[in-house]
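Before any comments, here is the structure.
As a basis for the values below, the full set of heavy atoms in this structure was taken, side chains included, without hydrogen atoms, waters or symmetry mates. Naming: A, B, ... by sequence-line order, numbering from 1 per chain.
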There are 4 protein chains.
Amino acid sequence: MAPIVSEDHKEKKKREILESAHACFAKKGFQVATMNDIVEHSGMSKGAIYNYFNSKDEIYLELMRESTEQTYNSLKESILIFNSALEKIIFLFDLYDKGDGINIEDLSKTIVHYEFRLYSFRHEELNNKLNQRKQKYFLEFIEDIIKEGQYSGEFKSDLNPKLMADLFWSLIDGVTSQFVYKGYPQNEVLNEMKNMFINRLKV
Amino acid sequence: MAPIVSEDHKEKKKREILESAHACFAKKGFQVATMNDIVEHSGMSKGAIYNYFNSKDEIYLELMRESTEQTYNSLKESILIFNSALEKIIFLFDLYDKGDGINIEDLSKTIVHYEFRLYSFRHEELNNKLNQRKQKYFLEFIEDIIKEGQYSGEFKSDLNPKLMADLFWSLIDGVTSQFVYKGYPQNEVLNEMKNMFINRLKV
Amino acid sequence: MAPIVSEDHKEKKKREILESAHACFAKKGFQVATMNDIVEHSGMSKGAIYNYFNSKDEIYLELMRESTEQTYNSLKESILIFNSALEKIIFLFDLYDKGDGINIEDLSKTIVHYEFRLYSFRHEELNNKLNQRKQKYFLEFIEDIIKEGQYSGEFKSDLNPKLMADLFWSLIDGVTSQFVYKGYPQNEVLNEMKNMFINRLKV
Amino acid sequence: MAPIVSEDHKEKKKREILESAHACFAKKGFQVATMNDIVEHSGMSKGAIYNYFNSKDEIYLELMRESTEQTYNSLKESILIFNSALEKIIFLFDLYDKGDGINIEDLSKTIVHYEFRLYSFRHEELNNKLNQRKQKYFLEFIEDIIKEGQYSGEFKSDLNPKLMADLFWSLIDGVTSQFVYKGYPQNEVLNEMKNMFINRLKV
DNA sequence: AATGAATGAGCCTTCATTCAT
DNA sequence: TATGAATGAAGGCTCATTCAT
């Protein structure tokens, strides 16, 4: 006899749980939010959730993995339309321009992201398994663009691409961090950073 | 009846508790560290600690307040010896140079700092004033140095001092954030930032 | 509409479930083994199992009933080939000789048997009849052999057959119990018991 | 400042918990009885109990340890008054004579004891740590008496004392086991065993 | 003030059982 | 009948906080 629910349905359920979890983590923080919160928010039963995920940690991990993957994929895809390395870099900075006004959801996501990072710090195994790989993806992604710019003659040839990639993400982290701190976007700061960084790169 | 213990003694006790608490929070994180951990680390009794602080939260908040204040005071004092605005800025950047090697304790302290920040985000009512004031102090602190440099002719006169101050802390946050992320100092990145920032400032 | 599956098929399914259950109970113990374990071991679905048994307890009880019956039947049948009461008794003792070496499966089965016993103790209402009948069967079984030996002149005529039957099972229980305790067979002890018991019986 | 409660008080509390636990284990079985049962039965709070014991297992272990020690000590002491090995053996058998009637408490204790044994079987570490030592104590205890009887000329010199000790406890286990099974004492059976065993020993 | 035993709400997780399909 | 996702009570345990001494 055929399975009662389709794979699709199962995926949808997982999504529901993950979204509820994310909402709860955003509202209360990952460590403070409880499985009961997620149960309540999702409207599902406790057992149902444990049918899809084996632990609170696993939910967290999946959320982390997804977020990284999505960000990575969307970054990668979005720059395909640009022909020059410079344009790519400019575009990436502009992605972090939150526009005007306070976007609570954006803020929440960022908060959860930071909490993930701190939580990972206390769990070395996780940290190593996930963060290193993640770092590598994102770092190499920028590194490649820098190299491309050097190859095409857009960027100074004596720059250390690895260092520039580190610098790029540090700048982004800095502005995001301030976003959390202050509660509103730091677009002017971001703009300053963009200019600085581009000046540093351009021949 | 005269008070049995002096105010001084009380302050000393509070200090002991706060230091133990900070050590425990640094080691395990605020959420995971327990009152029992603090009891054990401080060598005091549970009841004694509750005589000085009404809750774990209160200890945490007090630690935040103090830490901010201390950092502020030490920053303020330390730059007194410099005569030029540029030297002051350079000195401040250099403060965040962690030297070589991984210093776990330094890392832990930074983590606690970041946890503070997230915790604050969840307790808007309580900490709004605290954070705003704190922000203001640190921002104005840099703002004043920028203005000083403009006045003395060291820095470009058309810079927005507020924006430069925001930028400064964003850069610092960015590099610190990466420190947490990677687990080791990002001194080269810091150096790049320093040069960029100074270039942006100098006439 | 005619029944889709025959009674035979139903019996076969029940058997499968019972065997899986027995394997799981033997491996983990009744309390620790879960319905999921049985599901997994049997390859059937949870719902299917609940179509044949109303509860985990019911499976357990049925297993008990069956096991007792089977043991009884096989005991009864196996001694048919012997002509003297003495030979029968000797044969029964030898059944409990586990040979050399530790046989984990044998041990596990014995454990389940003992767990049955304790479980029964906690469910007097349900099992009173079951146990009493069981007891009666096994006791009368031995009792009859004793009487047969007395009738044939092999055994002392002044023995109380009931008491001797009690004694027989106590000896068997004792040696089995030690088997569980120590984890390896107690064949020498069993042999001593056999000799003692036979000496007590023989004229 | 002196501690608030005396060591005595603490010991008394531990005793209370252990007695409640034993009562609950006896009533429902070790695995089925819950910490909540113990909480309820003891009238203490959950936290209080966890102040004295770190886990349900630990309570069980302590109960086991105590029971073994007490039995061992009382056995050892009680036979001091006898001069001959034979008298000692006889006395030990008589200890297990439960008199007439059903003593529920005695039965409960025995049940809990058997459950301990089975539970241990599933937890090898425990089994090894505790049972072996316990076994050794009790076995050597009997072994020594056998040897004493051989030395004094009371018992056959060609007996294997280790085997006789094993046999002794197997007999006791057997009769106790039947006690659990049937729910009432098996004194006549015990008497038969005693006579058999003594006949086997005596020159 | 100091002590630390006591409290009990709450946490994460498990699992026998049910029921829509 | 068969399926397995859903249910939710219950389990062991933790820990911030209280309070009698």
Rounded to whole angstrom units, what separation is found between the [atom1] atom of [X] and the [atom2] atom of [N]?
X	N	atom1	atom2	result
C/K14	F/dT1	NZ	C1'	15 Å
A/E58	E/dT14	CD	P	11 Å
A/F53	E/dC12	CZ	C1'	16 Å
D/D57	F/dC13	CG	C1'	13 Å
B/Y52	F/dA16	OH	C1'	20 Å
B/I17	E/dT3	CD1	C1'	14 Å
D/N51	F/dT18	CG	C1'	13 Å
D/D8	E/dA5	CG	C1'	16 Å

Ring-face cation of [X] near [Y] (centre distance under 6.0 Å, axis angle within 45°):
X	Y	value
A/K14	A/F53	yes
D/K56	D/F30	yes
C/R122	C/Y119	no

query: Distance from D/H41 atom NE2 to D/K27 atom NZ, nearest 0.5 Å?
result: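 So the gap between those two atoms works out to 7.5 Å.
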Separation between CE of B/M35 and OG of B/S55, rounded to the nearest 0.5 Å: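 Interatomic distance, B/M35 CE to B/S55 OG, rounded to 0.5 Å: 8.0 Å.
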Does the pair [X]/[Y] count as a salt bridge with the N-to-O cut at 4.0 Å?
X	Y	value
D/E11	D/R15	no
A/E40	A/K46	no
B/R65	B/E62	yes

- request: Please work out whether the ring planes of D/F116 and D/F25 are parallel, tilted or perpendicular, with thresholds of 30° and 60°.
  value: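 Rings of D/F116 and D/F25: perpendicular, over 60°.
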field: Duplex segments of DNA chain F, taken as runs of at least three Watson-Crick or G-U pairs that stay under 3.5 Å
entry: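 The stems are E:2-21 with F:2-21.
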- prompt: To the side chain of A/Y50, which of E/dT18, E/dT13, F/dC13 is closest?
  reply: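 Between E/dT18, E/dT13, F/dC13, the one nearest the side chain of A/Y50 would be E/dT13.
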message: If you assign C/K56 and B/K13 each to the DNA chain E nucleotide with the nearest heavy atom, which residue ends up on the more 5' nucleotide?
response: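 This one resolves to B/K13.
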Within residues 30-49 of chain C, residues whose heavy atoms come under 4.0 Å of DNA chain F: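 Residues of residues 30-49 of chain C that come under 4.0 Å of DNA chain F are, in numerical order, C/S45, C/K46, C/G47, C/A48.
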